[in-house]
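Just so we're on the same page: letters track the sequence lines, and every chain starts at 1.
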Amino acid sequence: MNLKLDLLGDRQRTHYCGELRKAQAGQTVFLAGWVDVRRDLGNLIFLDLRDHTGKTQIVCNPARSAEAHDRAEEVRPEYVVGVEGEVVVRAPGTVNPQLATGEVEVMARTLLVLNEAKTPPFPIEDETKTSEETRLRYRYLDLRRGRMQRNLRLRHRANQVVRAHMAESGFQEIETPFMTRSTPEGARDFLVPSRLHPGHFYALPQSPQLFKQILMISGFDRYFQIVRCFRDEDFRADRQAEFTQIDIEMAFPQRDVLFELIERLIEKLFALVDVKVGRPFRRMPYDEAMERYGSDKPHLGTSLEWRRLHLEPAASEKVRVAQPLKAMRVPGWGGASRSQLDKLQETAKSLGADWFSYIKVTGSEAQSPLAKELGEPALAALAASLEAQPGDLVLLLGLKSAGGRNAFRTLDEASGELRLDIARKLDLLKPGAWNFLWVMDFPMFEYDEKENRFGAMHHPFTSPRDEDMEKLETDPGAMKARAYDLVLNGSEIGGGSIRIHRQDIQRRVFKALGLTEEKARERFGFFLEALEYGTPPHGGIALGYDRIIALMAGESNIREVIAFPKTASAADLMCEAPASVEPEQLDELGLELKSE
RNA sequence: GGGGACGUAGUUCAGUUGGUUAGAACGCAUGCCUGUCACGCAUGAGGUCGCGGGUUCGAAUCCCGUCGUCCCCGCCA
């Protein structure tokens, strides 16, 4: 690594490495980039020169330029070079059809070695088998790969689409602070200690929720932001500690207007990857999603669906199942083996659904473990009510006894998991389908059995439906919220609501959540105060941008569309964050570490 | 917080029942080679078997602990 390096001087790049075609034959060009591979045939050296646009073959022939050939002997993969030479059409038989520039090559006159490079720890190729750990440690090399370049450049174009669409629709992009105050409830906050106020902390925002509502109070009418959010919770393939939302809020909102705005945005985004999305998106109430698909983010890529049903009281007594139970027809799976069914039962049980049975419809008969108790005619009638055909299987799922407020929700959720499990097992999820769906009318509250109280299902600023308002004090569990989620292929990609804009209603909601006036004031005082100064009706949505880009890029992990992501334990393997700090820094902040 | 999988050369992996000198491919180095494009041929270098402890005559292999990566549950208003 003590090669004499050349200077770029005032040389100007004339083309990118992916640009040259026959049309440029005869021109003198200057290309610059990284050496992808060197093929040294002794007295003839080929270099593939790479930049973000592609590759061009460089020929170093001593008969043309002994100097360039000498330089080429010294270069290695990932060296940074500049080449001046003539574009020549390749001789027939030496054309490379796999390369966009494969009909031409550059005959080098001058080869400038602008920088050398250590041998990279892994090859810079689209398809890599390299462990993610190594890729993240050397992220700068990983990002040189065409696939990562494409993902991040797609993200850039998506940013332009978002900004153009929102601006055209009258939305203002306004930045909100990253150093803000901790708001309890919700996710764990990341805290930033204050030097000027010892013992006090800023919190990084879980989302700019209150700021965007305040911007509505301030009369900005329509706001959006592509914004980083921070949540100190455990990671998943689709979750990072810091992630990006498209945050949107509008005054005097009509849900249908907002839906159309978002649907048109999604349509434009997916057009970037040549996906034509069908509008308007399907809509479904939460209750229906839970009954039919056992999920508040159903994957509609398979037609499998559940139905709630009631047996005759005497019958349910006999087979000892709580009412209602759930039934699902699985077309053509009447031949399911005993061990397959046993495994399903086991899965169901582990998910909290402890009553499991089935009916195999064969010809005119119905074969089932319940035949003895219920009699075959009753089972055949049950199967018929689900339109089961010969060769089908009917799955039955339930609870032995329904204890606790959330028992049937557990049953629904178990049924949803089982549905996906079967769909995957039987390969029923059609690839290449883009099933967008609005899930609406979420419950306003959900009951926390551990804490023995209600909690906000969306967040405490979500408006109840007007017609449910009087249930606030009498039956909060039955209230529906003006909240909605956007779902794509079983993945939640956005969520929002029409907010509470009246202080009196906000107070009543806090009360239903068990928040005393005092507590509410302590936590959200500034916001409650703002509500008192003429707050317009408003509402909005936040879209999970990393997930959307990942789905567009065909990646199953959002780390593939984030330039510098963190590992599952929230570490940055490249810069080795988090890291310890000097005692002086702690001292300045008035902090002291607990010794273990 | 819990469960599962993984950790051996620069990389991706193999490594039998615990056995003597830990292998392969790619990459790398050196030499030869004027039409290669996964260049070819020859030679060679390269190992804290994640780390610590234990069992054993003997440990990459068995046991305990620990660290790291990935996936899942909890968690994520």
Side-chain angles (χ1 to χ4, degrees), chain A residues 36-50 55-64 69 73 76-78 88 90-99 101-102 105 107 118-125 127-138 141 183-189 206-207 209-210 229-241 243 347 350-352 413 417 442-446 448 450-451 454-462 481 483 492 495-497 509-510 513 515 523-524 542 544 556-557 559 565-571 573 576:
Chain A
D36 199 58
V37 287
R38 185 180 70 126
R39 290 179 294 277
D40 184 351
L41 275 66
N43 255 327
L44 189 65
I45 299 176
F46 296 97
L47 300 177
D48 285 349
L49 192 62
R50 183 194 72 232
K55 298 174 195 175
T56 300
Q57 174 162 282
I58 311 296
V59 188
C60 300
N61 188 334
R64 298 293 193 96
H69 182 265
E73 283 194 318
R76 295 292 180 270
E78 301 314 312
V88 297
R90 294 199 198 184
T94 66
V95 166
N96 183 353
Q98 284 160 337
L99 213 57
T101 60
E105 59 197 2
M107 192 63 69
K118 287 170 75 171
T119 301
F122 53 85
I124 312 301
E125 297 166 345
E127 290 312 314
T128 183
K129 286 181 175 175
T130 309
S131 72
E132 210 178 343
E133 198 172 349
T134 307
R135 290 175 51 205
L136 289 176
R137 165 128 200 269
Y138 301 95
L141 297 178
T183 52
E185 291 210 57
R188 210 173 285 118
D189 284 316
Q206 297 172 23
S207 83
Q209 183 61 35
L210 294 180
C229 304
F230 307 86
R231 293 180 189 174
D232 188 5
E233 296 293 345
D234 290 349
F235 292 12
R236 286 286 192 289
D238 61 356
R239 263 166 36 197
Q240 284 269 308
F243 61 99
T347 307
S350 73
L351 293 166
E413 284 168 1
E417 291 298 325
F442 278 81
M444 182 75 189
F445 303 104
E446 58 189 337
D448 186 329
K450 259 182 257 151
E451 302 260 331
F454 282 104
M457 187 140 176
H458 186 55
H459 58 57
F461 315 107
T462 302
E492 182 198 325
S497 63
V509 168
F510 279 152
L513 288 168
L515 266 179
R523 293 177 185 183
F524 311 110
S556 55
N557 194 307
R559 288 189 297 270
K566 291 178 177 53
T567 66
S569 60
L573 297 180
E576 296 185 295

Pair A:R50 + A:E78, salt bridge at N-O below 4.0 Å: yes
How far, in whole Å, is B:A45 from B:G3 if one measures between their C1' atoms? 44 Å
Taking only the side-chain nitrogens and oxygens of A:T567, find out if one of them lies under 4.0 Å from OP1 or OP2 of B:U69. yes
Does A:V59 offer a backbone N or O that forms a donor-acceptor pair with the side chain of A:E105 under 3.5 Å? no
Quick check: on RNA chain B, is the nucleotide nearest A:N96 upstream (toward 5') of the one nearest A:A571, or the reverse? Name the residue that is more 5'. A:N96
Would you indicate, yes or no, if B:U36 has its OP1 or OP2 atom less than 4.0 angstrom from a side-chain nitrogen or oxygen of A:T94? no
Quote, to the nearest angstrom, the P distance that separates B:A60 from B:G52. 13 Å
All side-chain hydrogen bond (donor to acceptor under 3.5 Å, both in side chains) counterparts of A:E132, not counting sequence neighbours: A:R559
With hydrogens left out and only the distance checked, is there a donor-acceptor pair under 3.5 Å joining A:R239's side chain and the base of B:C76? yes
Does OP1 or OP2 of B:G7 have a side-chain N or O of A:S131 closer than 4.0 Å? no
Gap in Å between the two P atoms, one belonging to B:G1 and one to B:G47, rounded: 38 Å
As a test of reading the structure: which of B:C73, B:U69, B:G35 is closest to the side chain of A:E105, going by heavy atoms? B:G35
Could you tell me how far B:G15 sits from B:G7 if I compare only their C1' atoms? Round to whole Å. 15 Å
Return yes if the base of B:C37 and the side-chain atoms of A:R90 contain a donor-acceptor N/O pair under 3.5 Å, otherwise no. yes
Of all the nucleotides listed (B:U69, B:C72, B:G74), which has the minimum atom distance to the side chain of A:A237? B:C72
Short question: side chain of A:T101, backbone of A:K55 - any donor-acceptor pair under 3.5 Å? yes
What string of B, S and - do you get for nucleotides 39-45 of chain B, 5' to 3', if B is base contact, S is sugar-phosphate-only contact and - is no contact with any protein heavy atom under 4.0 Å? B------
For the P atoms, the ones on B:A25 and on B:C41, what distance do you get once it is rounded to whole angstrom? 12 Å
Using a 3.5 Å distance criterion without hydrogens, assess whether the side chain of A:R38 forms a donor-acceptor pair with backbone atoms of A:I45. no
A:F46 meets the ring-ring contact (aromatic ring centres under 6.0 Å, His included) criterion, sequence neighbours left out, with none
Which nucleotide wins on minimum distance to the side chain of A:A187, given the candidates B:C76, B:G74, B:G68? B:C76
Return the nucleotide paired to B:G68: Watson-Crick means purine N1 to pyrimidine N3 with N6-O4 or O6-N4, wobble means G-U with N1-O2 and O6-N3, both under 3.5 Å. B:C6
What is the separation between atom CG on A:L44 and atom P on B:U34, rounded to the nearest whole Å? 8 Å
Inter-nucleotide C1' distance (B:A24, B:G18), Å rounded: 23 Å
If you look at every strand shown and take non-hydrogen atoms under 4.0 Å, does A:S569 touch a base, only sugar-phosphate, or nothing? sugar-phosphate
Does the side-chain ring of A:F122 sit on the six-membered ring of the B:U11 base, less than 5.5 Å centre to centre and under 30° in tilt? no
Pair partner, B:A59 [Watson-Crick or wobble, under 3.5 Å]: none
A:F46 has a side chain; which of B:U11, B:C37, B:U36 sits nearest to it? B:U36
For A:T119, all residues meeting side-chain hydrogen bond (donor to acceptor under 3.5 Å, both in side chains), sequence neighbours excluded: none
Taking the side chain of A:R236 as its heavy atoms from C-beta onward, which of B:C76, B:G35, B:C72 lies nearest to it? B:C72
Among the nucleotides B:G74, B:C37, B:C70, which one has an atom lying closest to any side-chain atom of A:E132? B:C70
Integer angstrom distance from the P of B:C57 to that of B:G23: 27 Å
Could you list the residues that satisfy ring-ring contact (aromatic ring centres under 6.0 Å, His included) with A:H69, not counting sequence neighbours? none
Please identify each residue that fulfils side-chain hydrogen bond (donor to acceptor under 3.5 Å, both in side chains) with A:R39, with sequence neighbours left out. A:D48, A:Q57
Under 4.0 Å, heavy atoms only, any strand: does A:N557 hit a base, just the sugar-phosphate, or nothing? sugar-phosphate
Using a cut-off of less than 4.0 Å, is there contact between a side-chain N or O of A:Q57 and OP1 or OP2 of B:G35? no
Same-atom distance (P) from B:C32 to B:C13, integer angstrom: 36 Å
